[in-house]
2 protein chains.
Amino acid sequence: MASKNKAGPAPAWQATGAATLIDVARVAGVSPITVSRALNQPELLTEKTLAKVAAAVLSTGYVKNMVAGALASNRSKLVALLLPTIANTIFADTVQAATDTLAASGYQVLLGLSGYETAREEALVETILSRRPDGIIITGTSHTELTRQRLLQARIPIVETWDMTPTPIDMLVGFSHEAVGAAMAAGLLGRGYRRFAILTLDDPRGARRNAGLVAALTEQGVTVVNTDTLPAPATMPLGREGAARLFAAPKKRRPDVIVCSSDTLALGAMTEAASRGLRVPEDIAIMGFGDLHYAAHTVPPLSTVSIDGAAIGRLAAQRLLDRFNHVAMPAAMRVTDTGFQLLQRGST
Amino acid sequence: MASKNKAGPAPAWQATGAATLIDVARVAGVSPITVSRALNQPELLTEKTLAKVAAAVLSTGYVKNMVAGALASNRSKLVALLLPTIANTIFADTVQAATDTLAASGYQVLLGLSGYETAREEALVETILSRRPDGIIITGTSHTELTRQRLLQARIPIVETWDMTPTPIDMLVGFSHEAVGAAMAAGLLGRGYRRFAILTLDDPRGARRNAGLVAALTEQGVTVVNTDTLPAPATMPLGREGAARLFAAPKKRRPDVIVCSSDTLALGAMTEAASRGLRVPEDIAIMGFGDLHYAAHTVPPLSTVSIDGAAIGRLAAQRLLDRFNHVAMPAAMRVTDTGFQLLQRGST
DNA sequence: CTGTTAGCGCTTTCAA
DNA sequence: TTGAAAGCGCTAACAG
């Protein structure tokens, strides 16, 4: 071994900036593969060897390079999380829970925000797949044919979320939006409302909730008197304007209840009602969706459908982890219905 | 070239599942590097060559492997985004804006949620750095010494956000929390309040806002009559309980205004006030922080400090992109104060 | 405008 | 329990 005294020149890794596994190996006096094992499967090595490596890691300031590791091992320890948007929405809890669950097992999250157009999702999926994630959590079940194909060809576990379908790509954690619509219909009909208006975003899942609502109403001989479809994203002013239009409609199209596709729109509608001196729910009832944390604290408290977003994130992540670890998964577990809760509060 | 007729066996890439650049090159009848160029620098190639490659990409179903690309080029096209949390918070807009801005330039976001403990941040930073991101956007300016060191050693552009300091690690986009506190003091003193209580989370930035508030009050000879520090995360029930304690305090510690470290806590405090028949702001004034989208729609509308989270995200991302593209950056631009707005609404 | 050569930093596979 | 050789899929650097 070359003498390495105080007078010697700075070692290579110090000059270059980034120490590699090889630098660590050299300093520790072992082979590179031993360093790799010390970091990834320490149980295979002697205490003594581990100590040598640990010291070398410290003295070199070595930081693992997972890019090289991923290429060599064909496992990236990366999970892609695809959502329409994260701003002002119900998905935040899902992201938090999924990230936490995955992090606990050493996986990191690659975030993809796809907007609400399937075309953008298509492009995003291609980019994301180029990172070779070990698994994917994707929002919704309606994707373009190309997206489905690519996802399938990637041959990695996929979890679709926040929706329900009999034909998932792979696994699924969510709930039925049609069922949500039907539950709203039942709850509101039960309270005596008969003149329904819908204030909705231009969003596929919202559309399916509306379809479920309309179907259940039709079954009872009740028809929707008015529908206003708004461009995403949901904002309160948007909800307020939409409600204003509904209130201004000719008398025979004026509702006694407004079903909104999100709490945010609903809160806007409540504001508009208040500004017109309309009492909620006596003059006009209002229902939201999402159970954002303020929903119970509006005046009157907002009726809404509560979704456990954190549970969805946690379960979706867990399904992936189980697959990674080759845990046996009965066919029934590939689809998990997390359900929802219809909360009738003061506004209906 | 070997004859490749209809009768021939399926090509290798079809058997293996994933086509590589080499497979594409073979099919296109060009060299691998030409395929690489066709994908990354098409302007260097002939229309004709591009067409051949495009056809081969299609027929092989090739999906770029950015893991290998990152290793070879030492550029990952990945930006790490580190936040305390994403659930129920003001950071959502920042994430959305940063992600959008970066995506437009072909960068993807690696999400890291660090919690509010610097120790967890430390571990997270190490993991994140092992992915060799091209840049980092990190929340806050108070990190452990080890974190700072590692960040510095990574020799990549760093943007700290949502805070202000004279000594950033590299670049900074944010605002001064001390200034926020001072502005709150000025605004509230101006409305005649003299008995201040603080309802705050155990969070470093909140603490600095409080410090700014207290300093400004002290200057005017006003002291804080009571402070209640709550464990993160902020929830409305937590705010409500905190407010209840403040209201139940002995008379001489009872406030005429409660300054909350977040809108969520403030909304809880308003609920507690209402439940006790206290009028806001006549009996008790309340101020929040964050300007969550419901703040203007509470009853009465919540006074708060508005932060443009989207601007922070967009600017932070832009600073990184400028660095990546070697855009000249005057020293002054390394620190950007995005400011804030004190909104006195009905609750004060 | 296109190709050749070499190698990024790690892990797999086999061998000792 | 440790090591040697080979190679993951791509791109930098240079050549033509």
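Chain A is the first sequence line, chain B the second, and so forth, proteins listed ahead of strands; every chain is numbered from 1.
When only modelled atom types and interatomic distance are considered, A:Arg205 and A:Thr139 share no side-chain donor-acceptor pair under 3.5 Å. Side-chain contact annotation: B:Thr49 with B:Arg37, donor-acceptor N/O pair under 3.5 Å absent. Side-chain N/O atoms of A:Gln96 and B:Thr85 include a donor and acceptor closer than 3.5 Å.
A donor-acceptor contact shorter than 3.5 Å links the side chain of A:Asp23 to the backbone of A:Thr20. With B:Thr94 contributing its side chain and B:Ala310 its backbone, the two residues share no donor-acceptor pair below 3.5 Å. Distance alone, capped at 3.5 Å, places no donor-acceptor pair between the B:Glu121 side chain and the B:His143 backbone.
For B:Arg132 and B:Val30, each mapped to the nucleotide of DNA chain C holding its nearest heavy atom, the one lying further toward the 5' end belongs to B:Val30.
Few gaps surround CD on A:Gln41; more than 12 heavy atoms of other groups in view lie less than 6.0 Å from it. The neighbour count for A:Asn74 CG, taken as heavy atoms of other residues, nucleotides or ligands under 6.0 Å away, does not exceed 12.
Scanning atom types as modelled, one donor and one acceptor separated by under 3.5 angstrom connect the side chain of B:Arg37 and the base of C:dG3.
One interatomic measurement links the two molecules: CG of B:Asn40 to P of C:dT2, which rounds to 15 Å at whole-angstrom precision. What separates CD1 of A:Ile33 from P of C:dC10 is a distance of 11 Å, to the nearest Å.
When DNA chain D is scanned in the 5' to 3' direction for atoms under 4.0 Å from non-hydrogen atoms of chain A, the outermost contacting nucleotides are D:dT1 to D:dG9.
Applying a 4.0 Å cut-off to non-hydrogen atoms, the residues of residues 72-80 of chain A that approach DNA chain C are A:Ala72, A:Ser73, listed by residue number.
Using a 4.0 Å heavy-atom cutoff across all strands shown, B:Leu71 reaches at least one base atom of the nucleic acid. As judged by a 4.0 angstrom heavy-atom cut-off over every strand, A:Leu45 is placed among residues touching the sugar-phosphate backbone only.
Salt bridge present: A:Arg334 and A:Asp170 bring a charged side-chain N and a carboxylate O closer than 4.0 Å.
Between A:Thr20 and the phosphate of C:dG9, there is no side-chain N or O to OP1/OP2 separation shorter than 4.0 Å. In terms of phosphate contacts, B:Thr46 brings no side-chain nitrogen or oxygen within less than 4.0 Å of OP1 or OP2 of C:dC1.
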